[in-house]
Amino acid sequence: MIYITIIIISCILGVILGINLPTISYTYSGYLAIAIVAALDSVFGGISSSLNKNFDIKIFVSGFFGNAILAMLLTYLGEKLNVDIYLAAVIVFVGRMFNNLGIIRRYYVDLWSKKAIEKNRQKVKKQN
């Protein structure tokens with residue numbers, strides 16, 4: 001329950017800040033985009049590991065900032081070399097995000113299936 005409250009408060013705070021802060025210039029938008037993709041990868045990984053009951057806050061925080069910084073450095077290096085190196089980071093992070101999202105989805109589908117089976121068993125017991 002506390003996680004849902006934190007997520008809702010964070011979303012509201014993000015919307016308020018997004019409306020009131022100045023826009024990011026085109027020069028830095030690539031860095032911000034790749035940092036957001038890397039951060040989302042860490043968030044989905046954290047949710048996935050939390051569902052598997054092996055979440056570690058140190059690993060989450062270090063991955064969150066480490067992935068974002070590495071992705072931005074790759075973007076910078078690619079700009080200096082005039083090569084789109086950031087695409088490699090995007091492909092890896094998006095692939096991992098879909099993998100983690102699949103784990104999360106399977107967890108909840110299994111959970112809902114077990115609840116439905118249990119509900120059907122209880123109906124059968126009441127009928128007998």
Side-chain angles (χ1 to χ4, degrees):
M1 182 64 182
I2 188 133
Y3 294 123
I4 295 172
T5 307
I6 291 172
I7 290 170
I8 292 171
I9 290 171
S10 299
C11 288
I12 292 170
L13 184 64
V15 168
I16 291 170
L17 287 175
I19 291 171
N20 294 322
L21 291 177
T23 58
I24 304 296
S25 71
Y26 181 74
T27 308
Y28 301 114
S29 64
Y31 296 109
L32 182 61
I34 193 73
I36 289 171
V37 169
L40 280 174
D41 169 54
S42 295
V43 169
F44 283 128
I47 293 169
S48 174
S49 64
S50 176
L51 293 175
N52 291 329
K53 307 230 185 319
N54 60 355
F55 179 78
D56 186 4
I57 190 70
K58 292 178 216 165
I59 293 173
F60 174 74
V61 171
S62 65
F64 186 86
F65 290 110
N67 288 345
I69 290 169
L70 178 64
M72 287 188 293
L73 287 173
L74 281 174
T75 303
Y76 177 77
L77 178 65
E79 261 184 26
K80 293 300 175 190
L81 295 174
N82 201 22
V83 177
D84 293 335
I85 297 175
Y86 72 92
L87 290 175
V90 168
I91 290 169
V92 170
F93 289 135
V94 169
R96 287 176 34 174
M97 281 179 10
F98 278 117
N99 187 26
N100 287 327
L101 192 60
I103 291 170
I104 294 166
R105 179 185 45 80
R106 278 190 294 274
Y107 175 84
Y108 283 112
V109 167
D110 289 343
L111 185 68
W112 291 328
S113 297
K114 288 176 185 175
K115 285 184 180 182
I117 290 170
E118 186 62 35
K119 192 182 245 185
N120 287 338
R121 285 183 186 165
Q122 289 176 356
K123 283 182 182 179
V124 169
K125 283 183 182 179
K126 286 182 180 179
Q127 291 175 354
N128 292 335

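Worth knowing before you read on, the calculation uses all heavy atoms, side chains too, and leaves out hydrogens, waters and symmetry mates.
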Peer 1: Sequence neighbours excluded, which residues qualify as side chain to side chain contact (heavy atoms under 4.5 Å, CB included) partners of Leu81?
Peer 2: Leu77, Val83, Ile85
Peer 1: Do any pairs count as a salt bridge (Lys or Arg N to Asp or Glu O under 4.0 Å) and have a residue in residues 89-103, sequence neighbours left out, and if so which ones?
Peer 2: Asp41-Arg96
Peer 1: Atom CG in Leu70, atom CZ in Phe93: separation rounded to 0.5 Å?
Peer 2: 6.0 Å
Peer 1: Once side chain to side chain contact (heavy atoms under 4.5 Å, CB included) is applied, do any residues pair with Asn99, and if so which ones, sequence neighbours excluded?
Peer 2: Ile103
Peer 1: Can you measure from CE (Met97) to OG (Ser42) and round to the nearest 0.5 angstrom?
Peer 2: 10.5 Å
Peer 1: Among pairs that include at least one residue of residues 43-71, which meet salt bridge (Lys or Arg N to Asp or Glu O under 4.0 Å), considering only residues two or more places apart or in two chains?
Peer 2: none
Peer 1: May I have all residue pairs that pass side-chain hydrogen bond (donor to acceptor under 3.5 Å, both in side chains) and include part of residues 6-19, sequence neighbours excluded?
Peer 2: none
Peer 1: When hydrophobic residues are tied together by side-chain contacts of less than 4.5 Å, even through go-betweens, does Ile34 share a cluster with Val43?
Peer 2: yes
Peer 1: Hydrophobic clusters here meaning ILVMFWY residues chained together by side-chain heavy-atom distances under 4.5 Å, can you tell me if Leu40 and Ile91 are in one?
Peer 2: no
Peer 1: Between Ala38 and Ala71, which heavy-atom pair has the shortest distance, and what is it?
Peer 2: CB-CB, 4.2 Å
Peer 1: By side-chain hydrogen bond (donor to acceptor under 3.5 Å, both in side chains), which residues pair with Tyr31, not counting sequence neighbours?
Peer 2: Glu79
Peer 1: Should Asp84 and Tyr86 be marked as a side-chain contact (heavy atoms from CB on, under 4.5 Å) after you check the CA-CA gap, both sets of side-chain angles, and the distance that decides it?
Peer 2: CA-CA 5 Å; Asp84 293 335; Tyr86 72 92; 3.8 Å; yes
Peer 1: Any chance you could measure Ser48, atom OG, to Tyr107, atom OH, to the nearest 0.5 Å?
Peer 2: 11.0 Å
Peer 1: What pairs with Arg105 under side chain to side chain contact (heavy atoms under 4.5 Å, CB included), at least two apart in sequence or on another chain?
Peer 2: Val109
Peer 1: Look at the side-chain heavy atoms of Ile, Leu, Val, Met, Phe, Trp and Tyr, link any pair under 4.5 Å apart, and say whether Val37 and Tyr28 land in one connected group.
Peer 2: yes
Peer 1: Taking all heavy atoms of Phe44 and all of Leu101, pick out the closest pair and write down the distance.
Peer 2: CE2-CD1, 4.0 Å
Peer 1: Can you tell me how far apart CG (Leu32) and OG1 (Thr75) are? Round to the nearest 0.5 Å.
Peer 2: 11.0 Å
Peer 1: Please list all pairs meeting salt bridge (Lys or Arg N to Asp or Glu O under 4.0 Å) that have one or both residues in residues 6-30, counting only residues at least two apart or in different chains.
Peer 2: none
Peer 1: Working to the nearest 0.5 angstrom, can you tell me the gap between Ser62 OG and Ile57 CD1?
Peer 2: 9.5 Å
Peer 1: Enumerate the residue pairs fulfilling salt bridge (Lys or Arg N to Asp or Glu O under 4.0 Å) with a member in residues 7-22, sequence neighbours excluded, ordered by first and then second residue.
Peer 2: none
Peer 1: List for me each residue that meets side chain to side chain contact (heavy atoms under 4.5 Å, CB included) alongside Ser49, sequence neighbours excluded, and say none if there are none.
Peer 2: Asn54, Phe55
Peer 1: List, by chain and number, the other hydrophobic cluster members for Ile19, where Ile, Leu, Val, Met, Phe, Trp and Tyr join if side-chain heavy atoms come within less than 4.5 Å, directly or indirectly.
Peer 2: Val15
Peer 1: Under a 4.5 Å side-chain heavy-atom rule over Ile, Leu, Val, Met, Phe, Trp and Tyr, are Ile59 and Leu51 clustered together?
Peer 2: no
Peer 1: By ring pair (Phe, Tyr, Trp, His ring centres under 6.0 Å), which residues pair with Tyr76, not counting sequence neighbours?
Peer 2: none
Peer 1: Would you kindly confirm whether Leu87 and Val92 end up in one hydrophobic cluster when ILVMFWY residues are joined by side chain heavy atoms under 4.5 Å apart?
Peer 2: no
